[in-house]
Amino acid sequence: MAAHAAAEFHSLFGRQPTGVWSAPGRVNLIGEHTDYNDGFVLPFALPYRIAVAASARSDGMLAVTTVGDDGRPQQAGPVRIADLAPGSVNGWAAYPSGVAWVLHAEGFSGGADLVVAGDVPAGAGLSSSHALQCATALALLGLAGVELDEPDAPNRTTIGRWVQRSENNFVGVPTGLLDQTASLSCVRDHVLFLDVRSGEMEQVPFNTSSAGLAVLVIDTKAKHSHADSGYRERRAGCERAASILGIPALRDVTEAGLDDVLASLPDDLRPLVRHVVTENERVVRTVEHLRASRIADIGDLLTASHASMRDDYRISCLELDVAVDTALDAGALGARMTGGGFGGSAIALVAADAVRSVGERVQAAFAARGLTAPGLFTAVPSPGAGRDT
Ligand code: GLA
């Protein structure tokens, strides 16, 4: 992807970019809708990335070009970075612009020409937009002379919070910290155990191939129109529950105290709270298995997580349930939807030699129901964001 972005930059501007930075999409192994409740998540980075080839401009303007599937460049801007404000840019260009807006406020204010190329499936719930934001952040910081991981540079956690701020306040979606942190901080062959409240991170080994296993990603190609409002409503419900309980966040409810807590809440909030509390517990148990190299033992936790999202959090949909149920019927050790829900992707933990048969069964199940054919690929935990050239 880095070479592709650099070549596109060269063909547009007739010179090499100053550098190329890239960031991956992610799947979340488990720990869904826990991030904005100050809880635990466990993502890994995909082997698919968005690369940003970049050069500085001296006029304080930002121009971003992406190359579409048809090979035709599409340019947004140039816009004056100092004039950016929430609502001033819409569509895909809001993502890189929002990052420039936050970095400007943080004192990194140079203009830039950016050319974007990537292979993270778009609209699949695999965080292609976060990969774009993270790669943009690193590119703009890099042009400002800030090299990631150097002693005086803002660390990856800080950059993740800036990216979240741009998404919440500029793009206008109230998402948590899961996706940016995954894209910035994941490492090869590990899942990232993040405690969102403390910011503490542990890289937990997750080498599926040495265990004879694989993670099959099933992109259902579904995106239901109420995805954004559904997300907002769930988040607002969790915040309402925490405020009724007089606690900072649902993270503070333990599984042992759950029954009493549920009894003190209105009916409509109980399933939400039950999901968040049990999901945090499932993340912790999954991590315990992985620390002890018991990868196969996490299957039931993945499947229980899906049931909790389907029945309590109510964010699954026909396509996700067909993907999960069929994968399980076909022998997967565990399966669940991943990401925000209402469409997007599911993951299934399968024996390496069953990847093909499970995939074929899922394809057949989608075809039998007249659903759009799903996208299928296996994913190994891959490196997080960084500079390529
Ligand atoms: C989306 C959001 C994340 C997180 C997940 C659900 O991916 O961007 O912050 O809330 O949904 O776990």
Side-chain angles (χ1 to χ4, degrees), residues 23-46 94-95 98-99 120-134 157 160-186 191-197 199 217 219-220 222-224 226-239 242 249-251 272 275-283 286 301-302 305-306 308-310 312-317 320 336-347:
R26 62 95 190 93
V27 290
N28 193 17
L29 185 62
I30 195 164
E32 222 66 80
H33 289 266
T34 45
D35 61 352
Y36 52 80
N37 289 299
D38 270 4
F40 305 117
V41 294
L42 196 64
F44 68 84
L46 290 174
Y95 292 97
V99 171
V120 186
L126 300 173
S127 286
S128 61
S129 57
H130 297 98
L132 171 58
Q133 293 173 93
C134 292
T157 304
R161 290 196 187 273
W162 288 344
V163 169
Q164 184 192 23
R165 204 165 96 209
S166 86
E167 182 163 34
N168 292 172
N169 300 348
F170 192 92
V171 181
V173 219
T175 44
L177 256 186
L178 161 65
D179 307 318
Q180 310 79 342
T181 312
S183 187
L184 287 163
S185 297
C186 281
V191 281
L192 175 67
F193 178 33
L194 169 68
D195 176 340
V196 176
R197 172 168 283 171
V217 181
D219 169 9
T220 67
K223 178 158 172 42
H224 293 284
H226 55 292
D228 285 353
S229 58
Y231 187 96
R232 281 173 207 279
E233 280 163 22
R234 300 306 183 282
R235 183 167 183 163
C238 290
E239 284 164 4
L250 293 183
R251 154 68 176 277
L272 294 185
H275 167 72
V276 172
V277 174
T278 58
E279 184 77 350
N280 275 328
E281 191 59 36
R282 282 185 288 270
V283 178
T286 301
L301 291 162
L302 304 185
S305 167
H306 185 76
S308 178
M309 288 188 284
R310 181 190 60 214
D312 272 348
Y313 223 64
R314 308 205 21 229
I315 53 173
S316 189
C317 60
L320 287 167
R336 62 185 289 278
M337 52 150 282
T338 185
F342 308 103
S345 296
I347 53 172

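Just so you know, ligand 1 is whichever comes first in the structure, and atom 1 is the first atom listed for that ligand.
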Should you measure from each heavy atom of [X], which atoms of ligand 1 turn up under 4.0 Å away?
X	result
Tyr36	10 (O)
Asp35	3 (C), 4 (C), 9 (O), 10 (O)
Thr175	2 (C), 8 (O), 9 (O)
Gly176	9 (O)
Leu178	4 (C), 5 (C), 12 (O)

- Closest to atom 1 (C) of ligand 1 among protein heavy atoms sits Asp179 OD2, 3.6 Å

- Among all protein heavy atoms, pick the one closest to atom 10 (O) of ligand 1 and tell me residue, atom and distance. Tyr231 OH, 2.6 Å

- Message: I need the single residue from Glu279, His275, His33, Arg336 that forms a side chain to side chain donor-acceptor pair (under 3.5 Å) with Ser308. Which is it?
- Response: His275

- Candidates Asp195, Asp38, Asn37 - the one meeting side chain to side chain donor-acceptor pair (under 3.5 Å) with Arg251: Asp195

- From Ser183 OG over to Leu126 CG, what is the distance, rounded to the nearest 0.5 angstrom? 12.0 Å

- Item | Residue pair Glu167 / His130, side-chain donor-acceptor N/O under 3.5 Å | yes

- Message: Below 3.5 Å, N or O to N or O, backbone or side chain included: is there any such pair between Thr34 and ligand 1?
- Response: no

- Message: To check you understand the geometry: which heavy-atom pair defines the closest contact between Tyr313 and Tyr36, and what is its length?
- Response: OH-OH, 2.7 Å

- Message: Quick check: closest heavy atoms across Leu250 and Ala242, and the distance to 0.1 Å?
- Response: CD2-N, 4.0 Å

- Measure the distances from the heavy atoms of Arg26 to every atom of ligand 1 and state whether one is below 4.0 angstrom. yes

- Query: Can you check whether Gly160's main-chain N or O pairs, donor with acceptor, with Gln164's side chain at less than 3.5 Å?
  - Reply: no

